[in-house]
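Heads up, the thing below is written out as structure tokens.
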Amino acid sequence: MLYCIITNNINVKPVGLGSGSKLLSSLKSRVVYLASSFGIVSTVQRAAQATLQAGWSILLPTANERAQTLSSLLPNAGLETGIISCGQRFMTDLLVWSLMADGGLETALFDALRAEIVELADIDETFDTPTSHSTIPLLHLVKQLLRNGSSLTQLRLQELKSSCKVNHFKATTTPSSNLLMRFQRLLIGKIYTKDSNCLQAAESLLKKYLYQISSHVTDTLNLAHEVAMINPKNFLHVVQILKGDIIGKF
């Protein structure tokens with residue numbers, strides 16, 4: 001049905017699937033749960049995932065909804081990354097792709113810059129540092145994706161440290177890495193704008209972004225150095241692991 005609505009460009013409001021409707025909210029929460037949760041029968045989960053692939057533009061129509069859903073699926077702390085389910089990984093990849101597919105990332109960045117302009121104006125007027133806009137989906141999501149990727153790298157380094165063996169994997173560019181790299185390029189591009197307010201906001205966001213990256217890179221490199229010093233044979237394994245991290249890609 002969702003595929004039919006999209007391909008025939010049918011208005012979703014008459015069928016009860018308009019933004020904010022109870023039917024859409026109920027359908028979205030149920031499909032997302034079936035597509036991403038542990039313990040779902042495989043055939044049911046595949047059907048739910050196929051539904052999301054076909055109808056994500058209706059079920060999750062705005063960039064903010066996709067960012068919030070993705071944020072809720074990502075591990076919240078440390079090395080929990082190691083137990084992410086196949087369903088969660090599917091949802092993560094799908095939502096990251098959908099954010100980049102229809103200009104959602106650009107829209108989210110515009111909203112983040114606009115909020116940053118307001119924050120900078122508050123600083124000028126009150127001379128106090130206001131509370132951070134960390135609840136903005138894009139900023140929170142970027143922090144989570146950076147932490148998620150770094151935690152996975154550190155988990156692999158910890159495994160190498162404890163066993164002196166590493167599970168061989170191919171250092172590929174993930175959808176999450178693609179989103180972060182695209183966000184980085186878009187943000188840097190805003191620095192060359194002629195709008196002074198936008199320029200200041202972009203520089204402020206870039207500073208926060210670099211702080212997040214440097215924090216994760218420092219922790220990862222310290223652990224990598226420790227593991228490499230245990231045994232000379234570990235060095236090549238450590239390098240291979242780092243190639244798959246933001247250190248090797250950014």
Side-chain angles (χ1 to χ4, degrees), residues 1-77 80-81 83-116 118 133-148 174-180 182-183 186:
M1 182 185 76
L2 295 175
Y3 179 76
C4 180
I5 290 173
I6 294 170
T7 54
N8 291 286
N9 198 26
I10 297 173
N11 186 354
V12 294
K13 289 185 178 180
V15 295
L17 293 175
S19 180
S21 72
K22 291 183 179 179
L23 176 60
L24 178 64
S25 178
S26 175
L27 183 61
K28 173 180 65 177
S29 61
R30 188 61 179 168
V31 172
V32 169
Y33 172 78
L34 292 174
S36 61
S37 299
F38 286 99
I40 304 298
V41 177
S42 59
T43 52
V44 173
Q45 188 157 77
R46 285 196 297 269
Q49 291 172 353
T51 301
L52 277 170
Q53 282 182 311
W56 60 263
S57 61
I58 294 176
L59 295 174
L60 298 162
T62 68
N64 276 358
E65 285 182 89
R66 283 171 242 153
Q68 289 169 343
T69 302
L70 175 55
S71 177
S72 70
L73 290 170
L74 291 172
N76 287 320
E80 290 178 3
T81 306
I83 59 172
I84 188 170
S85 70
C86 292
Q88 287 175 309
R89 187 171 292 109
F90 164 84
M91 284 297 300
T92 299
D93 290 348
L94 175 65
L95 290 168
V96 166
W97 176 84
S98 69
L99 276 170
M100 296 189 291
D102 66 343
L105 184 59
E106 288 82 351
T107 300
L109 178 58
F110 175 80
D111 290 341
L113 289 170
R114 187 169 54 184
E116 198 70 19
V118 173
H133 288 276
S134 59
T135 55
I136 296 174
L138 178 63
L139 297 181
H140 185 60
L141 181 58
V142 166
K143 291 178 183 179
Q144 282 188 293
L145 290 174
L146 286 170
R147 183 180 61 204
N148 197 50
T174 64
S176 295
S177 295
N178 283 332
L179 185 145
L180 288 171
R182 186 166 175 180
F183 165 76
L186 289 170

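Residues Leu141 and Leu99 are in side-chain contact: their nearest non-hydrogen atoms beyond the backbone lie under 4.5 Å apart. Asn178 is not listed as a side-chain neighbour of Val96, based on a closest heavy-atom distance of 4.5 Å or more. Within the 4.5 Å cutoff, the side chain of Leu23 has no heavy atoms near those of the Ser26 side chain. Side-chain contact check for Arg114 versus Phe110: some heavy-atom pair is nearer than 4.5 Å.
Going from atom CZ of Arg66 over to atom OG1 of Thr69 covers 9.5 Å, rounded to the nearest 0.5 Å. From Leu34, atom CG reaches atom OG1 of Thr51 across 9.0 Å, with rounding to the nearest 0.5 Å. For the atom pair CG (Leu109) and CD (Glu116), the distance works out to 11.0 Å, reported to the nearest 0.5 Å. Between Leu70 atom CG and Leu179 atom CG the span is 8.0 Å, to the nearest 0.5 Å. The distance from the CD atom of Gln45 to the CZ atom of Phe38 is 9.5 Å, given to the nearest 0.5 Å.
When each of Asp93, Leu94, Thr92 is paired with Phe90, the side-chain contact (heavy atoms from CB on, under 4.5 Å) condition holds for Leu94 and for no other.
Closest approach of Ile58 and Leu24 over heavy atoms only: O-CD1, 3.5 Å. Residues Ala48 and Ala35 share a closest heavy-atom pair of CB-N, 3.7 Å. The two residues Tyr33 and Ile40 make their nearest non-hydrogen contact at CE2-CD1, 3.9 Å.
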Checklist entry - Can you list the steps and then say if Leu52 with Met91 is a side-chain contact (heavy atoms from CB on, under 4.5 Å)? => result CA-CA 9 Å; Leu52 277 170; Met91 284 297 300; 3.1 Å; yes
Next on the checklist: Between Leu186 and Arg182, is the side-chain contact (heavy atoms from CB on, under 4.5 Å) condition met? List the steps.
Outcome noted: CA-CA 6 Å; Leu186 289 170; Arg182 186 166 175 180; 4.1 Å; yes
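Pairs of residues two or more places apart, or lying in two chains, that qualify as ring pair (Phe, Tyr, Trp, His ring centres under 6.0 Å) and include a residue from residues 41-65 are Trp56-Trp97.
Distance alone, capped at 3.5 Å, places no donor-acceptor pair between the Ser25 side chain and the Lys22 backbone.
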